[in-house]
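Bear in mind the structure is a predicted one, so any value in this text is a computation, not a measurement. Here is the naming used below: chain letters follow the sequence lines, and residue numbers restart at 1 for every chain.
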Amino acid sequence: MGTENPGRPGFPARPASLPFAAAPQTATPFSSTGPVAGSEPPSFRPTAMPPPPQASSLFSSSGPPVRPGVPGFRPAPPGTFNDPSVPPPQPPSANAPPAAGTFLRFPPPPFSSSGQVPPQQRAPFVGPPPIQQSGSQPPSFPSPPQPQTPFVQMGSPPQSISPAPMGSNVPPPTPTHQPPFPGYARMQQPPPAHSSFPPSQGNYGPPPPPVSSPFLPQPGGYAPSPAVAAPLGMQPPGSGPPIGGIQGLAEDFNSLTVQTRPGTMDPLFDSSELPRPLDGDVEPKNLDAMYPMNCHPRYLRLTTSAVPSSQSLASRWHLPLGAVVCPLAEPPEGEELSVVSFAPASVVRCRRCRTYVNPYMTFTEAGRKFRCNVCTLLNDVPSEYYAQLDATGKRVDLDQRPELTKGTVEFVAPAEYMVRPPMPPVYFFLIDVSISAVRSGMIQIVAETIKSCLDELPGFPRTQIGFATFDSTIHFYNMKSSLTQPQMLVVSDLDDVFVPLPDDLLVNLSESRSVVETFLDSLPSMFQDNANVESAFGPALKAVFMVMSQLGGKLLIFQNTLPSLGVGRLKLRGDDSRVYGTDKEHVLRLPEDPFYKQMAAEFSKFQISTNVYAFSDKYTDIASLGTLAKYTAGQVYYYPAFQSAIHGEKLRHELRRDLTRETAWEAVMRIRCAKGVRFTTYHGNFMLRSTDLLALPAVDCDKAFAMQLSLEETLLTTQTMYFQVALLYTASCGERRIRVHTMAVPVVTDLGEMYRLADTGAIVSLFSRLAIEKTLSQKLEDARTAVQLKIVKALKEYRNLYAVQHRLANRMIYPESLKFLMLYGLALCRSMALRGGFGDAPLDERCAAGHTMMVLPIKRLLKLLYPSLIRLDEYLLKVDLKSIERRLALTMENLDSRGLYIYDDGFRFILWFGKGVSPEIARNLLGADFAAELSKATLSEHDNEMSRGLMRVLEKFRNADRAYYQLCYLVRQGEQPREGFLLLTNLVEDQMGGNNGYSDWMLQISRQVQQ
Amino acid sequence: MGGKLFFWLVICFPSSIALLATTFYQVLILSDLEADYINPFDAASRINYFILPEYIGQGALCVLCLFTGHWFMFLLSLPVTCYHIMRYVKREHLIDVTEVFRGLNAERKFRLAKLVMYLILLIVVIFCRKFNILPQFQV
């Protein structure tokens, strides 16, 4: 059986398992995913009777039922309860009788057994000081909300991270187990075993919720891993043909036979069994149990939820070590952030390290002092914030203090956090009105959209608004409220730009509402006969800067031509295919004129954020224009060859989102962590104000920032590392706020643990940012190679951990947590920003994609890299209503020529009509001319059920993520070259041109790993 | 003889000191920047203000040494000149305020190295003079 794993004790990295000569086997199989908890209940029930020795082995064998069993897991709390205690020696008596009477008897043994366990277990782990705080201040804990949950969880953290896999189940019977959680630990400790696992049956009642909560996350995190459960040690996703020799393997990892037929390149494995992220992004849940008061992963995700304890360990982790922060991520409907005001006092922070008060701070000395969790300094509690501690050491006012119970809170910042009065929301529009802009119809749509959004601009009644247009001259508009008509002022001196009327160009929207509306109504007609082809973009930018520099705000640039006049004019470039592959290649992706960088720096200094909307069908040098957005926390929207009839809806929707989403103004962000660790590099759209302070003139829920950390001290002595992201900003309502996200993660000494707690999403996000930055200084090819190399190194290191013991020659092994990394790496190399060379993506689109990927939050990025492909016809014909929820692997093989498929990457929909799709569907969806060219066709609702059904589906997909509007492109099978560039190049698993397919990619990687 | 003294007194010595001083000043500002005593905008503009004069001065000194036959000093300052030319040609000579923190450590290391070079140059200048002057006065 998989359990008897001779090699185990010898595991280099798992010293803890040694002591468990007999017991360990039980849990080992599950260890890699930590599903142990979840997996046991089912096994427990069926196997209740068997004698002890088997009991342990049975666990592993019953692995498979596990997942199915998970749901049933909660209903059977007794089982869950026991199982923590099960692994150790005494299972028989404990397990055998599930009858009520036995329950009474039952608990004691486990405890005693667990009593033995901890010492061994803790050994590697807890070390000396864990409890230091817990002893001193039990108080700070919020008892009401999490009566027992925290406890159980508390206990488990050390274990689940502990090298010994077994540990994850053992409830923490002794106080020593609760290191990280001072408060909690103590509270529940004193009567350790008994209170939390009361012997009486009655007590089983309440526990279920607590129990399930700590464990649930595991099944959750576990669910996507079909692998672990396999009884034979063969992981279904990858295992292909089972190989006998491996059956004895403990399931610490997934493995995959990746071989070719000797002498050929034909893969010997079934590519359909390779792992695929068909469930999309799964947020890591494995810390929920351990640190229930952490902020939600949507705000902050670490590439691995385990900080290495030493530099040497960190250097063996070849993947990026860092975090991805999305400070203003949208909470789901109905979930509100708590806003805390300390007025009239100041915000409570640690005196030394300036950490904001958070749930992990502990209160002592009857509530007069608190200990900072980050730097362990003992601070005085300000008198206004004083509260007594109750008998268990918690503050009595804990219920009314969300900042002490929640990982994410907002503080109202007092005047000392302001350098000037909070600015009003300012929107300034700089619109290109040259002939191409007029022709594309962009002006019309922009004017309409802005007008329709006037009521929804945040910050009424303080909102300020202003407009300027430009072709070869710059036009300003005086919109003073006393006027009835806006007054146009033309500046034609481009060498020495000046602002004609400094005060009335930026006006208060509520006061000048009618003038603004008049202006927007007349804007499209004002320029409809304009034949000017020039673009004085640079001078216009300078002039606008002069207008805005007083207040700062948001500048939206609508650009339709290459800047051709005055400072900042740009040349056509990127036409020369010979540059690709040489050392000069990257220059194409850099701003051509230093003017743009200078302007960006100035903008950032004066709190101006720039969003660039580019529309041209010709080269507009997004590389240069995008620089403006890059350093000012802005965003680039690119609509190649914009035509209002086709792309109008997309522009309308995205501009609307841009104008109406909640925005944080004049913000700065910093991420703090304890001594010994330091954030070194930052990646995303922002400018660094000092070594670790990100200046974000305007930031919103659609922007994420990545950062990498490094260890400064060779050895970390703490058990837990705390990270705190603080975003200081002006809310649209004019209040200065601080949004604080706090996260605690364990410090580990074992590389395997780091791999186990790795978060593929965050890693891929950092990877892509690093790769895109690399394309700015090196060739595309180099950037792609670097991605591959990093993956190979990481897997090689992982292999070294395990392969020797298990004689895994010719098999590729990878941790459960990283099973999608290879595929995402491939998808990244084939993404618009990195793919191919000159001919594979137009330069502008490549740069725009790069700029977009630099700001995307993890979820959206993963969707972009591995889009969903869904079959629609069965749903529309009501044959199979479930088919719409089934994502397919991105390969040609999945496209049935009789089917209708939708490809959704979060930015656009592509509807693919197979050749053999029934004419009925085509007619219903496309109308009478269904046989015509699809390139000109647009999708509109027709009067039949099927068409309405399709529209509902599209609407549903769009509502899933509203940050971008997905325009629907239609393509028919075999319609080249349209089908090629729309869909086929994006099927990342297929071999295409010079690109690897998924199975080749896996072969390559596996070969390099084994070298 | 008079020319040599002039060369030493008016050109070599003061310019070495000036080079040393500007580089030291730049290092100082970079350190301040890292410690957050100065914002990147001010730091960049202050440093950039001195960069071109420094390059020109250093280049001129190097060329002068060549033409006046001070081979040793010429060879000593040649590497720095080459480095300057390389930076200038690559358009990397000025501090880029948007990316200043990314290259902060490298920038400072290069400047420290330069500082050492200039210091050696200064010492050589002083000693050169000493050894040259004494015999000259005896003649």
Does atom [atom1] of [X] have more than 12 heavy-atom neighbours, drawn from other residues, nucleotides or ligands, at distances under 6.0 Å?
| X | atom1 | result |
| --- | --- | --- |
| Gln550(A) | CD | no |
| Tyr417(A) | OH | yes |
| Lys790(A) | NZ | yes |
| Phe74(B) | CZ | yes |

How long is the gap from [atom1] on [X] to [atom2] on [Y], to the nearest 0.5 Å?
| X | Y | atom1 | atom2 | value |
| --- | --- | --- | --- | --- |
| Leu693(A) | Asp36(B) | CG | CG | 7.5 Å |
| Asp42(B) | Lys605(A) | CG | NZ | 6.0 Å |
| Glu773(A) | Arg102(B) | CD | CZ | 4.0 Å |

Handout entry: Most contacts with chain A, counted as non-hydrogen pairs under 4.5 angstrom, among Asp96(B), Leu94(B), Leu33(B)
Key =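 So the answer, after comparing Asp96(B), Leu94(B), Leu33(B), is Asp96(B).
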Problem - Closest non-hydrogen atom pair between Ala601(A) and Val97(B), with its separation - result: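 Here Ala601(A) and Val97(B) meet closest at CB-CG1, 3.4 Å.
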Handout entry: Proximity breakdown for Thr691(A) and chain B, heavy-atom pairs closer than 4.5 Å
Key =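 Its backbone and side chain both get close to chain B.
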Problem - Side chain proximity check, Phe101(B) to Arg689(A), heavy atoms < 4.5 angstrom - result: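 No, side chains not in contact.
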